[in-house]
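Structure record follows, encoded as structure tokens.
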Amino acid sequence: MIGELLPSKDHTARYCPPSKLLEDGSVSAIAFYLRPGEPYVSVEWLECLNQPTRHQEIRAVVGILAQKLSLKGTAGIAVTHIRDVCDYVAETSGFKIRFVHEPESNDPAHSGIYGTDQDEMMIAELIAEKITEMHAVREFLAD
Amino acid sequence: MLSTTSIAYQPGFTGLEPLTWSRIGGLFSQLFYAKAEDQERLSEPIIRTGVSENEWGEELSELTAQWKEQEIQMLLESLSTAHPADFVEMIKSRLLSLRSMLQDEEGPAADLSPDSLRAFLVFIHQLPGVRRPNMALTSEGEVYTRWKGDNGRLFSLHFISGEKVRFAAFRPNPRHRRLVQRISGVDAADTVLQTADAACSVLEWLRP
């Protein structure tokens, strides 16, 4: 439902284009920056997709995003655990961020991270530290 | 669990700076951008000496693009003075590779930001012998660099326009090893190193 907080036990995925990935394979903080005019950082709510495995969740995410973006094979999909991220950001920086459901007609799992603009660089670095999984988009484009 | 300190610096430039060629180039390109933007704002073409404002606008945009291309090349060349050749080549090669990725993602008009690149050069010239940073680009072509060390050490910089830099620095608390000190803020490209080093001793681990 629009505006509803996502369950804290759930996970989200963020598309990270190649120019936001670092040479060591990790995700840069700027992958979690707002683009000009954006009110929140767009993510996909994985459990909303009702898939049996993480691999299938990511495949579903890639399928949805492929309709909206020109996906690059060398891009990555970064997965984070909602409670881990929110708690970590709050405990280490004092800032509260929220994961909110923002479904779209062609993207029911679409959600947003609100509050990163309080100290974008610090919060983006902290979120990047809490990435638990990275998936290469190329694996799913080939599916 | 962890303690934190988050401070925001908002200093401007405090003194008159000498006008270097690079700075003059920056001012010139700002003038071009401003004029190109003015042209885009004009919705009605006006006939003046037989050339419409739209045509002037197109020519100006083309000149701006040419100037920007030259400026980026000039800035990349100026990287070679303060660092070993292999360091310079790796940085240049990474920037060119990122530029190509950005154009692939955002369209052919997307490019490295000369302002950001200039701020990055001002910063990196102060750090001879430093480890090569990891680098990425924002959607606007601004340079982001990050060094990571042991035990949660991190120093990251985002070079924005006007020689300003956003930065974050993390290090273990020297008196409480399970805690991490974190600072972030905005500073000038030529003073951010002092600021981050004073707060988080980044120079202790940036060199190999």
Side-chain angles (χ1 to χ4, degrees), chain A residues 14-38 41-42 65 68-76 78 83-84 86-97 115-131 137, chain B residues 1-8 90-91 93-95 97-107 110-112 116 131-148 152 154-160 165-170 179-187 192:
Chain A
R14 166 89 172 157
Y15 174 72
C16 305
S19 66
K20 313 284 179 288
L21 300 179
L22 300 170
E23 300 98 304
D24 65 5
S26 62
V27 178
S28 71
I30 53 175
F32 292 91
Y33 271 21
L34 293 164
R35 292 173 76 102
E38 273 185 348
V41 177
S42 285
L65 294 179
K68 307 201 290 184
L69 307 167
S70 168
L71 299 187
K72 308 297 169 195
T74 49
R83 183 173 50 228
D84 279 358
C86 291
D87 288 354
Y88 188 61
V89 170
E91 285 166 9
T92 56
S93 71
F95 295 117
K96 289 203 166 107
I97 58 169
T116 58
D117 55 352
Q118 297 169 90
D119 183 343
E120 190 171 39
M121 184 127 195
M122 170 71 80
I123 293 173
E125 290 292 354
L126 295 172
I127 295 173
E129 285 192 348
K130 297 307 282 184
I131 291 169
V137 167
Chain B
M1 187 177 79
L2 300 169
S3 72
T4 180
T5 316
S6 179
I7 52 173
M90 280 192 288
I91 296 277
S93 153
R94 177 62 178 162
L95 284 168
S97 158
L98 285 168
R99 181 192 206 186
S100 158
M101 289 176 202
L102 186 73
Q103 287 172 340
D104 190 34
E105 292 160 18
E106 304 285 336
D111 210 337
L112 284 165
S116 174
R131 286 193 285 130
R132 189 169 72 89
N134 274 286
M135 303 176 79
L137 285 185
T138 69
S139 306
E140 294 75 41
E142 293 167 342
V143 179
Y144 167 91
T145 60
R146 189 196 74 185
W147 285 269
K148 253 192 159 175
L154 175 143
F155 184 34
S156 65
L157 303 114
H158 168 200
F159 299 90
I160 47 182
V165 183
R166 296 161 93 181
F167 72 98
F170 302 170
L179 303 180
V180 177
Q181 293 177 326
R182 296 179 174 87
I183 66 158
S184 63
V186 179
D187 205 333
V192 64

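Sequence lines set the chain letters: A, B, ... in the order given, protein chains first and strands last, and positions in each chain run from 1. Only this structure's heavy atoms are used, side chains among them; waters, hydrogens and symmetry mates stay out.
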(request) Using a 4.5 Å cut-off on heavy atoms from C-beta on, say whether the side chain of A:V137 contacts that of A:L65. (result) no
(request) Using atom types as modelled and distance alone, determine if a side-chain donor or acceptor of A:S28 lies under 3.5 Å from a backbone N or O of A:K20. (result) yes
(request) Look at B:R146 together with A:D24 and state whether they make a salt bridge at an N to O cut-off of under 4.0 Å. (result) yes
(message) For B:E106, which atoms come within 4.5 Å of any heavy atom of chain A: side chain, backbone, both, or neither?
(response) side chain
(request) Measure the acute angle between the ring planes of B:H158 and A:Y33, then classify it against the limits of 30° and 60° as parallel, tilted or perpendicular. (result) tilted
(message) Among B:S156, B:S97, B:A169, which residue has the highest count of heavy-atom pairs closer than 4.5 Å to chain A?
(response) B:S156
(request) Measure distances from A:L21 to the heavy atoms of chain B and classify the residue's part below 4.5 Å as side chain, backbone, both or neither. (result) backbone
(message) Does any backbone or side-chain atom of A:A124 lie under 4.5 Å from a heavy atom of chain B? Answer side chain, backbone, both or neither.
(response) neither
(request) Below 4.5 Å from any heavy atom of chain A, which atoms of B:R99 appear? Answer side chain, backbone, both or neither. (result) neither
(request) Heavy-atom distances under 4.5 Å only: say whether A:E120 touches chain B with side chain, backbone, both or neither. (result) both
(message) Taking side chain as everything from C-beta outward and backbone as N, CA, C, O, which of these in A:T74 sits under 4.5 Å from a heavy atom of chain B? Side chain, backbone, both or neither.
(response) neither
(message) Quick check: do B:V143 and B:L137 have side-chain heavy atoms less than 4.5 Å from each other?
(response) yes
(request) Would you indicate whether A:K68, at its atom NZ, is surrounded by more than 12 heavy atoms from other residues, nucleotides or ligands within a distance under 6.0 Å? (result) yes
